[in-house]
Amino acid sequence: ICDPAEETVTASLEAFISSQLDRLARLGCRYAFHYRSGDAVIDVGTAEEFPSASLIKVPILLAWLALERRGELDREELCDLDSGPQVQGAGFSWLLGARTLPYRDCLLLMIAVSDNACTNRVIERAGMERLNRVMAEELGLGGTRLRRMMMDFEARARGEENTITVADARRLYRLVADLPDPEREWVDALLAANQDDALLMRCHPRDSLAFHHKTGSLPGVLHDWGYTRGKEMFLLTREVRDKDQPAVFEVFGELGRLLAG
């Protein structure tokens, strides 16, 4: 027998989420929203595949760990930051005086500040095709594809875009939950260190909520994917016009309020 009070709460929650997502629809955005709290699960969307933007860095991290488990990679190995072309954009490793770091620190910078140069060093060390093979065949991320390095504008102009599907964004939660305890603790710490609180976290006072998450953005694309100890939430968007970004940011903030409590 269903509890009428519980049904009312669920209906109210669904109505609130629908009202916020309708704002995105009126702006012409395509989106996918996922929310889980206990047994309550809400999935709503108007698209299945998205340019992954920096969200691709979470599957890269999980693929690295899978390869490390087999002894093929080691996060304690030293990385030469100058071993490949230098890129800027997100992150600041290009400014560091120390030009040699353990890959552990490169992976931290990749997640915490979305450092593009560190991400490229990680991709080069692991190998793009090997990462794609692990993501598809071992992690079950069949709709996630790494096609280009970070900040490779020529590849982007050729239509070589990194992508992720909604199904894979949901699967990431299971992959993180199933990690061996030491790896899970490390991944939790990296995702909690993310410095970008401008999307789902924008309406929460600083340091008031531990949200383990990764954001991503490209022209027309804004994403935030993450989890607390009791809730999962992501909002993926595409076809966001520059002039509509303030309104889209507001929607992220309003939906992000559901992470509290």
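Sequence positions, counted from 1, serve as the residue numbers for this chain. Just so it is clear, the values below take in all heavy atoms, side chains as well, and ignore hydrogens, waters and symmetry mates. Bear in mind that the values here come from a model prediction, so they are computed numbers and not experimental data.
Counting heavy atoms from C-beta on, the side chains of Leu235 and Leu199 never come closer than 4.5 Å. No side-chain heavy atom of Tyr31 sits under 4.5 Å from any side-chain heavy atom of Val251. Looking at Pro85 and Glu124, their side chains come closer than 4.5 Å, going by heavy atoms from C-beta outward. Between Val58 and His213, every side-chain heavy-atom pair lies at or beyond the 4.5 Å cut-off. Considering only heavy atoms from C-beta on, Leu65 comes within 4.5 Å of Trp186 through its side chain. Contact annotation: the side chain of Leu141 approaches that of Leu175 to within less than 4.5 Å [non-hydrogen atoms, C-beta and beyond]. At least one side-chain heavy atom of Tyr227 sits under 4.5 Å from a side-chain heavy atom of Leu191. Side-chain atoms of Ile164 and Ile56, non-hydrogen and from C-beta on, never get closer than 4.5 Å to each other.
Between Phe252 and Leu200, the closest heavy-atom pair is O-CD2, 3.4 Å. Arg125 and Glu72 make their closest contact through NH2-O, 4.1 Å (heavy atoms, listed as atom of the first residue, atom of the second, distance). Trp225 and Ala169 make their closest contact through NE1-O, 2.9 Å (heavy atoms, listed as atom of the first residue, atom of the second, distance). Across all their heavy atoms, Thr119 and Ile60 have their closest contact at CG2-CD1, 4.2 Å. Nearest approach of Pro102 to Leu78, heavy atoms of both residues: N-CD2, 3.8 Å. The heavy-atom pair separating Ala53 from Val221 by the smallest distance is CB-CG1, 4.3 Å.
For Arg206, the salt bridge (charged side-chain N to carboxylate O under 4.0 Å, His left out) test picks out no residue, with sequence neighbours left out. His212 is linked by a side-chain hydrogen bond (donor to acceptor under 3.5 Å, both in side chains) to nothing, counting only residues two or more places apart in sequence or in another chain. For Glu138, the side-chain contact (heavy atoms from CB on, under 4.5 Å) partners two or more places apart in sequence, or in a different chain, are Ala66, Arg70, Val134.
Panel note: side chain Asp43, backbone His34; no donor-acceptor pair is recorded below 3.5 Å. Between the side chain of Glu239 and the backbone N or O of Gly220 there is no donor-acceptor pair closer than 3.5 Å. Checked by atom type and distance alone, the side chain of Ser208 pairs as donor or acceptor with a backbone atom of Pro205 at under 3.5 Å. Using modelled atom types, no side-chain atom of Ser37 and backbone atom of Ala40 make a donor-acceptor pair closer than 3.5 Å. The closest donor-acceptor contact from the side chain of Arg171 to the backbone of Leu139 lies under 3.5 Å. Checked by atom type and distance alone, the side chain of Glu137 never pairs as donor or acceptor with a backbone atom of Met135 at under 3.5 Å. Within the 3.5 Å criterion, the main-chain N or O of Glu160 finds no donor-acceptor partner in the side chain of Arg147. With Arg148 contributing its side chain and Glu154 its backbone, the two residues share no donor-acceptor pair below 3.5 Å. No donor-acceptor distance shorter than 3.5 angstrom exists from the side chain of Asn116 to the backbone of Met151, with no hydrogens or angles considered. Within the 3.5 Å criterion, the main-chain N or O of Thr144 finds no donor-acceptor partner in the side chain of Glu49.
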For Ser114 and Lys214: C-alpha separation, side-chain torsions, deciding distance, then whether side-chain hydrogen bond (donor to acceptor under 3.5 Å, both in side chains) applies. CA-CA 8 Å; Ser114 212; Lys214 183 72 192 76; 2.9 Å; yes

Would you check, one step at a time, whether the test side-chain hydrogen bond (donor to acceptor under 3.5 Å, both in side chains) holds for Asp224 with Thr215? CA-CA 4 Å; Asp224 200 351; Thr215 55; 5.5 Å; no

Under the salt bridge (Lys or Arg N to Asp or Glu O under 4.0 Å) criterion, do Arg184 and Asp181 qualify, and how do the steps go? CA-CA 5 Å; Arg184 171 65 191 269; Asp181 287 345; over 6 Å; no

May I have the step-by-step check of salt bridge (Lys or Arg N to Asp or Glu O under 4.0 Å) for Glu129 and Arg145, ending in yes or no? CA-CA 10 Å; Glu129 286 310 309; Arg145 186 70 180 176; 3.5 Å; yes

Yes or no on side-chain hydrogen bond (donor to acceptor under 3.5 Å, both in side chains) for Asn162 and Ser52, after CA distance, side-chain angles and deciding distance? CA-CA 6 Å; Asn162 302 326; Ser52 59; 4.8 Å; no

Could you walk me through whether Leu222 and Phe249 satisfy the side-chain contact (heavy atoms from CB on, under 4.5 Å) test, starting with their C-alpha distance in whole Å, then the side-chain angles of each, then the deciding distance to 0.1 Å, before giving a yes or no? CA-CA 9 Å; Leu222 290 169; Phe249 274 96; 4.1 Å; yes

When you look at Val240 and Leu24, which way does the side-chain contact (heavy atoms from CB on, under 4.5 Å) test go after all the steps? CA-CA 9 Å; Val240 178; Leu24 296 181; over 6 Å; no

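Of the inter-residue distances, the one linking Cys29 atom SG with Leu21 atom CG reads 10.5 Å to the nearest 0.5 angstrom. Atoms CE and CD1, from Met128 and Ile123 in turn, are 5.5 Å apart once rounded to the nearest 0.5 Å. Distance check: Glu254 CD to Ile17 CD1 gives 12.5 Å after rounding to the nearest 0.5 Å. Taking CG from Asp244 and CG from Leu27, the interatomic distance works out to 4.5 Å, rounded to the nearest 0.5 Å. Atom CD in Gln20 sits 5.0 Å away from atom CZ in Arg23 (nearest 0.5 Å). One finds the OG atom of Ser54 at 10.0 Å from the CG atom of Asp115 (value rounded to the nearest 0.5 Å).
Salt-bridge check for Arg229 with Asp188: passed, with a basic side-chain N closer than 4.0 Å to an acidic carboxylate O. Salt bridge Glu232/Arg36: present, at least one basic N to carboxylate O contact under 4.0 Å. A salt bridge between Glu68 and Arg75 is present, with a side-chain N of the basic residue lying under 4.0 Å from a carboxylate O of the acidic one.
When only modelled atom types and interatomic distance are considered, Asp178 and Tyr173 share no side-chain donor-acceptor pair under 3.5 Å. A donor-acceptor pair shorter than 3.5 Å cannot be found between the side chains of Asp80 and Thr100. At a cut-off of 3.5 Å, with distance as the only test, no side-chain donor of Lys231 or Thr228 sits close to an acceptor on the other residue.
Using cut-offs of 30° and 60° for the angle between ring planes, the Phe50 and His223 rings count as perpendicular. The aromatic rings of Tyr35 and Phe33 sit parallel to each other, their planes meeting at less than 30°, with 60° as the upper class boundary.
Cluster membership for Leu179 and Ile111, using ILVMFWY side-chain heavy atoms within less than 4.5 angstrom, is shared. Both Phe16 and Met233 sit in one connected hydrophobic cluster of ILVMFWY residues. Membership requires side-chain heavy atoms under 4.5 Å apart, directly or through other members. In terms of hydrophobic clustering, with Ile, Leu, Val, Met, Phe, Trp and Tyr side chains grouped at heavy-atom distances under 4.5 Å, Leu109 and Leu62 are assigned to different clusters. With hydrophobic clusters built from ILVMFWY side chains whose heavy atoms lie under 4.5 angstrom apart, Leu81 does not share a cluster with Leu108. Leu55 and Met149 end up in the same hydrophobic cluster when Ile, Leu, Val, Met, Phe, Trp and Tyr side chains are linked at under 4.5 Å.
Judged by the 6.0 Å and 45° rule, Arg69 forms no cation-pi pair with Trp64.
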